Amino acid sequence: MSQEAIRKVIEGILSEMGISDVAVHLDQPNNPSHGDLATNVALTLASAVGKSPRTIAEEIASHIKVGEFGIQAVEVAGPGFLNFKLSTDQVVTVLMDIIVEQDGYGRSDDGKGRKFMVEFVSANPTGPLHLGHGRQGALGDAIAGLLEWNGWSVGREYYYNDAGAQIDRLGESVWARYQQYLGEEIDLPEGGYQGEYVIKIAEKFAAEYGDRFKGDNSQKPLDLMKRTAIRIIRDEQDKDLSDFRIDFDVYFLESSLYENGQVESTVEALKKAGHVYDKDDAVWLRTTEFGDQKDRVMIKRDGSPTYFLPDVAYHIDKWNRGFYQVVNVQGADHHGTIARVQAGLQALGLPEGYPDYVLHQMVRVERDGKDVKLSKRSGSYITLRELMTEVGVDVTRYFFQMRKPEGHLVFDLDLALDQSDKNPVYKIQYAHVRMCSIFRKAGIERDNLIAENVDLSVLDTKAERELIKQLSHFPELIRRAARLRAPHIMCDYLEETAGAVNSWYHAGNPNRNPELAVLVSDSDLRNARLVLARAIQIVLYNGLSILGIVAPERMFRDSDTAVHSTNR
RNA sequence: GCGCCCGUAGCUCAGCCGGAUAGAGCAACGGACUUCUAAUCCGUAGGUCGCAGGUUCGAAUCCUGCCGGGCGCGCCA
């Protein structure tokens with residue numbers, strides 16, 4: 001790339017000026033009038049050198065040889081920026097890269113194949129998945145995709161909290177519903193689960209076991225109902241997730257940590273590490289030594305562990321499996337647990353800050369500007385299943401991804417159901433479809449398109465030049481989005497790119513400006529624009545695939561249902 | 001009270017590894033187009049970047065303090 005070469009040139013000039021060891025930072029200005037590349041070295045050097053920024057910039061500029069490294073012009077602007085304009089020849093070279101690399105364009109090897117775990121969703125099997133889980137699923141899957149594109153070997157993992165008090169409460173709820181079903185006057189337990197799915201589970205249980213456990217409040221039916229409920233709910237959650245196009249590599253059961261003694265051995269290890277003490281008949285861990293706000297109970301008065309103990313055991317297990325990089329995606333309401341889990345792990349010698357977390361805020365659904373809340377399915381919250389059935393998987397995923405995780409999300413149902421370009425998902429998909437349709441119309445197999453022998457320098461309209469530069473930003477963008485664990489950066493990029501693409505496409509409407517159409521009669525121009533169209537298609541395809549969203553070949557309007565045909 | 005997050009255009013939000021006139025979408029307003037590549041296109045207007053200090057040649061961006069909103073502060077997860 002010429003960028004690296006130009007950086008070296010500037011560094012060379014600086015050292016001739018007696019200034020060395022300066023990191024020259026070149027960036028690509030958003031404002032086209034600031035050229036194709038710009039640097040602020042002169043400003044950063046001014047006070048150290050004792051000259052005005054503009055003087056330094058002028059001096060550097062005077063040593064730049066126009067014509068080399070694709071530099072077409074250099075100028076000093078504003079307070080002392082150096083702006084470079086590159087030749088069209090130079091700018092269009094990226095198109096060759098894109099066409100050659102195809103679905104590899106944008107990948108990096110930063111991770112060098114090392115292991116990276118993304119743990120997400122991790123819902124308790126106590127009820128249907130809600131929108132928080134949906135947001136988590138969409139975010140986690142996209143973060144995993146971003147990391148994969150940066151060369152990490154990513155494991156997607158789901159932790160089922162299938163042990164503990166919440167699950168006991170579920171069993172008791174089913175038990176109560178079962179008794180009610182058999183005509184007994186029994187109330188739901190305190191803190192029990194209200195949703196109608198609990199009734200369904202009780203009915204299924206009754207269908208299988210009849211009235212054998214009527215009035216029987218011994219441990220045996222309770223355990224049986226608990227296991228049955230977990231099985232049914234897990235099946236349903238798994239179905240929801242696979243329909244949401246999320247596949248996990250590992251489903252990790254909390255109960256397995258008890259069964260194979262890892263909880264026990266973690267207790268022993270913590271005791272051995274010397275950060276454990278007894279107080280009020282409970283066993284405490286001195287998490288304050290590692291920055292927590294107060295010490296935490298790890299074994300309750302009744303002898304059972306608090307949730308955070310298996311959590312620590314689980315993360316030890318992750319570490320021992322070679323996942324030295326872990327990011328957990330969870331709701332912000334759990335943020336209070338982070339310090340204590342990390343503290344527990346540090347007590348056992350794991351590094352500070354392990355694991356990393358992405359916390360997301362809650363989702364609010366609006367229709368006509370008003371909150372939508374009710375769901376009879378779950379008893380209170382809207383389920384993921386309900387939302388994705390109504391608006392489609394692509395739209396649901398995108399909407400969950402398009403805002404930064406730490407912000408609240410307003411899910412606008414009216415916009416989600418709109419099938420025009422107003423809806424960012426469709427806007428991006430249409431842009432992709434339009435590129436595909438050009439090749440259909442031209443009768444060209446786009447996968448076979450090659451850019452050799454095509455004179456790309458004819459792509460010199462302002463719109464084309466900016467579009468090409470936009471495509472060239474893609475690899476760096478993936479890096480940035482992965483580093484910040486921020487899928488919304490990709491969403492913004494794709495929407496912006498799609499806007500430029502649609503505008504470029506529409507400008508060539510044969511009714512107005514046939515000379516701007518891709519399929520113009522001038523064959524040199526046509527061939528070059530086909531290369532651009534193909535490059536656009538590749539970038540949109542790659543971007544969407546990272547987000548787990550379909551890049552359709554063609555789209556149809558179906559007026560009867562809101563669910564888009566490409567989601568099937 | 002303590003901790004974390006958020007506060008940018010009428011609305012929903014980017015930008016926040018400090019930089020050159022603060023961006024996008026929707027809504028609003030004004031044009032264009034009449035099926036051609038149109039489940040349109042082009043353009044206009046709209047902001048004390050919550051407030052007040054500080055650091056800096058330069059602050060939406062960094063620091064401090066307030067104000068407003070969310071979440072957490074269980075021997076629940």
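What you are looking at is a predicted structure, and each value in this text was computed from that prediction instead of being measured. Throughout, protein chains are lettered first and strands after them, A, B, ... in sequence-line order, and every chain is numbered starting at 1.
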Do the ring planes of [X] and [Y] sit parallel (below 30°), tilted (30 to 60°) or perpendicular (above 60°)?
X      : Y      : answer
A:F252 : A:Y314 : tilted
A:Y158 : A:Y160 : tilted
A:F400 : A:F411 : perpendicular

Pairwise [atom1] distance, [M] and [N] [rounded to whole Å]:
N     : M     : atom1 : result
B:C36 : B:G46 : P     : 40 Å
B:U55 : B:U61 : P     : 15 Å
B:A22 : B:G47 : C1'   : 9 Å
B:U44 : B:C4  : C1'   : 43 Å

Residues A:H334, A:Y357; criterion ring-ring contact (aromatic ring centres under 6.0 Å, His included); working and verdict: CA-CA 11 Å; A:H334 285 64; A:Y357 287 84; over 10 Å; no
My understanding is that a pair needs two contacts under 3.5 Å, Watson-Crick or G-U wobble. By that rule, which nucleotide pairs with B:C75?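 Answer to the pairing question: none, since B:C75 forms no Watson-Crick or G-U pair.
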Can you tell me the Watson-Crick or wobble partner of B:U40, both distances under 3.5 angstrom?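 Base-paired to B:A32.
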Spacing of A:H506 atom NE2 relative to B:C41 atom P, expressed in whole Å: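 Rounded to whole Å, this separation is 5 Å.
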What is the distance, to the nearest angstrom, from the CZ atom on A:R364 to the C1' atom on B:C13?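 It works out to 13 Å between those atoms.
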Using a cut-off of less than 4.0 Å, is there contact between a side-chain N or O of [X] and OP1 or OP2 of [N]?
X      : N     : value
A:K441 : B:U37 : yes
A:T306 : B:C76 : no
A:T337 : B:A77 : no
A:K422 : B:U40 : no
A:K294 : B:G74 : yes

Residue A:K51 excluded, over 12 heavy atoms near NZ under 6.0 Å: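 Counting neighbours around NZ of A:K51, 12 or fewer heavy atoms of other residues, nucleotides or ligands fall under 6.0 Å, so no.
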Where along nucleotides 14-20 of chain B does protein come under 4.0 Å, by heavy atom, of base (B) or sugar-phosphate alone (S), with - for untouched nucleotides? SSBB-BB
